[in-house]
There are 2 protein chains.
Amino acid sequence: MAQQKSGHVTLLDIAHACGYSVSTVSIVLSEAPLSKNVASTTRERIRKMALQLGYHPDAYARSLRRRHSQTIAVLAYDLSDPFCIPLVQGIQSGLQPSNYIPFLMDAQTRRKLFDSYLMMILERRAEAVIVIASWIFEETNLLADIEKNKVPIVIIGRDLTPMNISSMLIDNQIGGGMALTHLAKLGHTKIAIIRGPEELVDSEPRWNGVQHAAAEAGIVLDQRLVVQLPRLTDSAFGFEGGLRAARQLLEAGRPFTAVLAFDDMTALGVIRGLAEAGVRVPEDCSVIGFDDVLPARVATPGITTVQQPLQEMGLLASKWVLEEIGVRQAGNNGPIRLYHALPKLVARASTGRIARGGKKKSSA
Amino acid sequence: MAQQKSGHVTLLDIAHACGYSVSTVSIVLSEAPLSKNVASTTRERIRKMALQLGYHPDAYARSLRRRHSQTIAVLAYDLSDPFCIPLVQGIQSGLQPSNYIPFLMDAQTRRKLFDSYLMMILERRAEAVIVIASWIFEETNLLADIEKNKVPIVIIGRDLTPMNISSMLIDNQIGGGMALTHLAKLGHTKIAIIRGPEELVDSEPRWNGVQHAAAEAGIVLDQRLVVQLPRLTDSAFGFEGGLRAARQLLEAGRPFTAVLAFDDMTALGVIRGLAEAGVRVPEDCSVIGFDDVLPARVATPGITTVQQPLQEMGLLASKWVLEEIGVRQAGNNGPIRLYHALPKLVARASTGRIARGGKKKSSA
DNA sequence: GCAAGGAGTTCAAACGTTTGAATAGGGCAT
DNA sequence: ATGCCCTATTCAAACGTTTGAACTCCTTGC
């Protein structure tokens, strides 16, 4: 009955209610070491009263006093990009066994939000940060600020080891190569390539991988079959880009039997664009993507793609930060790490052996 | 230089560094009303020093003292379900203009996690809660606990007005009707129905809507064409269910020209299952979904579906809680609200007029 | 000469915990 | 009796803020 003005039940309320001091109550309820020499009858009474009054310790007071928040910030550039989800899942499962809890933040591809979240990370005294980066993340100085505060950071999707930040990336070069090799093995030679937007760091190495693999397979890439995705404003909407790219390719009228799309969403857009013109996938044209996101798996035909081990990466990222928290508590400093994840080709139904007849694209 | 043991710069550090009291520093940096009669030179010096030392106010100390956390908990049953994302987006944009920040929690369809997050909501003194519910949410008593603590709650996807909790749902009955009517208008009469899992509250009313609309259209539903989705363990994997349902339907050998799937993921599974048997969508068979999630929009053919205004619902939910926080601060109590969102049919390419020849399903 | 008021700053208490040190009352061996 | 340990409990300070009240100078008006 002795409700505080805050509306929440406090230790003091319980203390009053059952005639012990705040200390005793605290010791019992927080299961401090000292609680082993609190009389068991006392323990019982306090516990019962706490339950009855509906007590829940105030995380703010507790964290203030204990000087740690048990919180790990997870800052994603955009949760509506299906790419982020498996990463977040991986991180969450990695954090589960620890008693750190993830503080999920969604920057929604907005630079402003991204920065304000970074600020919040500092204010909320997150004990570590995992950043899922993309182009919005343009060397913000706040990250340095976080580093200065001795908060462990891991960044996924960017190599920031030069700034002393542990980083984790997919090996885009190998991945790009895999995609092209897969198409080559199926007999395709007239391959259209949809390159990623310039501001994405993945675009360049992926393209390099494609070129090398082409050279190795003895394929000359027709520059007129290479299109460049524009800057994507609307996050997940590589789809729109792929759709336009496909139309553009068809209009150009140069024949091709396969499209190597920058990522899965692009690939899905391409397939839509081809379908508009009556081009069937994979019968008339193969399409390959990259990432292996959910929409690619559930589409029919299933999209052949270069899979990123996103969940594993998330898991590993959480392991890294937990470890680093450990070593810093011991007063040391762990190594700055860099991990290049290996992609894996997942062959589904959107790619196939080149048609015998060498069927041409229907163009205007 | 006067770093505290916590590793973070505090007001005291700044006070020492520039020779003012902690109070003055606090007043300046928190822009309290009193700061208007702090000498501007003082203000300058303090601000400069704060910046230089890299000061960031401790959210824990601040919230403890101010007695509010500026935090609104958003508890989703599973972020990897594409259904949740637009809701979360809507909530986020609704919260943007306020200075409450969303604390995003992902229960990952795990009852245990769900409960522990609810606990955390209490401990972190969230000032309101928005729950995106599904079947994992089985009348947990913790929600009552939250209510008891006078924290405003809004639940999406469940009618909890009997428990005095504002609720928001899609009108499943109307939605189900819309789907069936759409198929009927296209001339379909042999319609297979895939009902939702029993433990989902949406299943029942949606099915009712379908039945009514069928009666109204003068269609008799063949019970042998009605299959029931099993309990979904793996969240978003209605896909698997749809796939199996399609196989089952084809095996049964009863002809049908359209499938009304419980939701989009199911529809995508159905399409895959039909494709396995060489049944083309929409030429040989129409398929309609429900929800309008991303994978349905980017698949080809685009899935015709009954759209839920998820983003708007999220937005509204955030408006509700903000309002309620307002009225409670004024000492009053707002109304318990209930909102039935109106679904909208989005016709895409997965449904079409029935084939003239009345082409039968290929079965075993 | 003095109250009134304002500008600039500081005091000190409070928010709800945790925890090292202290206390009180044993019992038990010397 | 004294000293000592043991059990059960409490004191009081601290975490980093915020804020109502107080304090010290000044100026200004009467």
Side-chain angles (χ1 to χ4, degrees), chain A residues 2-46 50 53-70 122-125 127 149, chain B residues 2-46 50 53-70 122-125 127 149:
Chain A
Q3 295 282 103
Q4 296 281 107
K5 36 263 166 185
S6 81
H8 285 279
V9 184
T10 72
L11 288 181
L12 190 62
D13 295 321
I14 300 182
H16 282 158
C18 56
Y20 291 98
S21 76
V22 172
S23 314
T24 309
V25 176
S26 167
I27 288 165
V28 169
L29 294 179
S30 67
E31 286 166 50
L34 263 68
S35 75
K36 71 169 171 359
N37 29 310
V38 170
S40 59
T41 58
T42 309
R43 277 203 294 253
E44 273 320 296
R45 287 221 280 164
I46 290 177
L53 294 183
Y55 171 77
H56 292 272
D58 183 318
Y60 289 91
R62 170 175 283 181
S63 290
L64 180 58
R65 174 62 227 235
R66 288 196 175 156
R67 359 257 285 242
H68 53 253
S69 61
Q70 299 289 66
L122 250 4
E123 298 187 351
R124 301 252 158 176
R125 304 294 191 249
E127 298 186 51
N149 275 278
Chain B
Q3 295 281 104
Q4 295 282 109
K5 37 265 167 180
S6 82
H8 286 279
V9 184
T10 73
L11 287 181
L12 191 62
D13 294 322
I14 301 181
H16 282 158
C18 57
Y20 290 97
S21 75
V22 172
S23 313
T24 309
V25 177
S26 167
I27 288 165
V28 168
L29 294 179
S30 67
E31 287 167 51
L34 263 67
S35 76
K36 72 170 171 358
N37 28 312
V38 169
S40 58
T41 58
T42 310
R43 277 203 293 251
E44 274 320 295
R45 286 219 282 163
I46 290 177
L53 295 184
Y55 170 76
H56 293 272
D58 183 318
Y60 288 92
R62 171 175 282 183
S63 289
L64 179 58
R65 173 63 229 228
R66 288 194 175 158
R67 350 260 281 258
H68 54 252
S69 60
Q70 299 288 67
L122 250 4
E123 299 188 351
R124 301 251 158 177
R125 304 295 189 246
E127 299 186 50
N149 275 279

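In what follows, every heavy atom counts, from backbone to side chain, and hydrogens, waters and symmetry copies are set aside. So that the names make sense, note that chain A is the first sequence line, chain B the second, and so on, each numbered from 1. Remember, it's a predicted structure, so these values are computed and weren't measured experimentally.
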Apply the test side chain to side chain contact (heavy atoms under 4.5 Å, CB included) to residues A:Arg125 and A:His68: give CA-CA distance (whole Å), side-chain angles for both, the deciding distance (0.1 Å), then the verdict. CA-CA 7 Å; A:Arg125 304 294 191 249; A:His68 53 253; over 6 Å; no
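Contact detail for A:Ser35 and A:Val28: the closest heavy-atom pair is CB-CA, 4.4 Å. Heavy atoms only, all atoms of each residue included: B:Ser63 and B:Ser69 are closest at OG-CA, 3.7 Å.
Between B:Val25 and B:Leu12, the closest side-chain pair of non-hydrogen atoms is not below 4.5 Å. Taking the side chain as every heavy atom from C-beta outward, A:Ile14 and A:Val22 never approach each other to under 4.5 Å.
The separation between A:Glu31 atom CD and C:dT18 atom C1' is 15 Å, rounded to whole Å. Counting to the nearest Å, the C1' atom of D:dA14 and the CG atom of B:Leu64 are 12 Å from each other. Rounded to an integer number of Å, the gap from A:Arg62 CZ to C:dT17 P is 8 Å. The distance from atom CG of A:Leu11 to atom P of D:dC15 is 19 Å, rounded to the nearest whole Å. In this structure, A:Ile46 places its CD1 atom 13 Å from P of C:dT17, rounding to the nearest Å. Atom P of nucleotide C:dG16 and atom NE2 of A:His16 are separated by 12 Å, given to the nearest angstrom. Atom CG of A:Leu122 and atom P of D:dT17 are 12 Å apart (whole Å). Spacing between atom CG of A:Asp58 and atom C1' of C:dA14 amounts to 14 Å, rounded to whole angstrom units.
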Protein and nucleotides 23-27 of chain C: nitrogen or oxygen contacts under 3.5 angstrom:
none

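The line from CD1 of A:Ile46 to CD of A:Glu44 is 10.0 Å long, rounded to the nearest 0.5 Å. With rounding to the nearest 0.5 Å, the separation of OG in A:Ser26 from CD in A:Glu31 is 11.5 Å.
Side-chain contact annotation: B:Asp58 with B:His8, donor-acceptor N/O pair under 3.5 Å absent.
Side-chain atoms of B:Arg65 and base atoms of D:dT17 include no donor and acceptor less than 3.5 Å apart.
With sequence neighbours excluded, the residues satisfying side-chain hydrogen bond (donor to acceptor under 3.5 Å, both in side chains) with A:Ser21 are A:Thr24. Qualifying side-chain hydrogen bond (donor to acceptor under 3.5 Å, both in side chains) partners for B:Arg45, counting only residues two or more places apart in sequence or in other chains: B:Tyr20. Residues satisfying the side-chain hydrogen bond (donor to acceptor under 3.5 Å, both in side chains) test with A:Asn37, not counting sequence neighbours, are none.
Rounded to 10°, the angle separating the first-five-pair axis and the last-five-pair axis of the helix from C:dG1-D:dC30 to C:dT30-D:dA1 equals 80°.
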A correct 5'-to-3' footprint of nucleotides 4-12 of chain D, with B, S and - meaning base, sugar-phosphate only and no protein heavy atom under 4.0 Å, is ----BBBBB
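Nearest to the side-chain atoms of A:Arg67 among the listed nucleotides D:dC15, C:dT17, C:dT18 stands D:dC15.
Phosphate proximity of D:dT18 to A:Tyr60: absent, as no side-chain N or O sits under 4.0 Å from OP1 or OP2.
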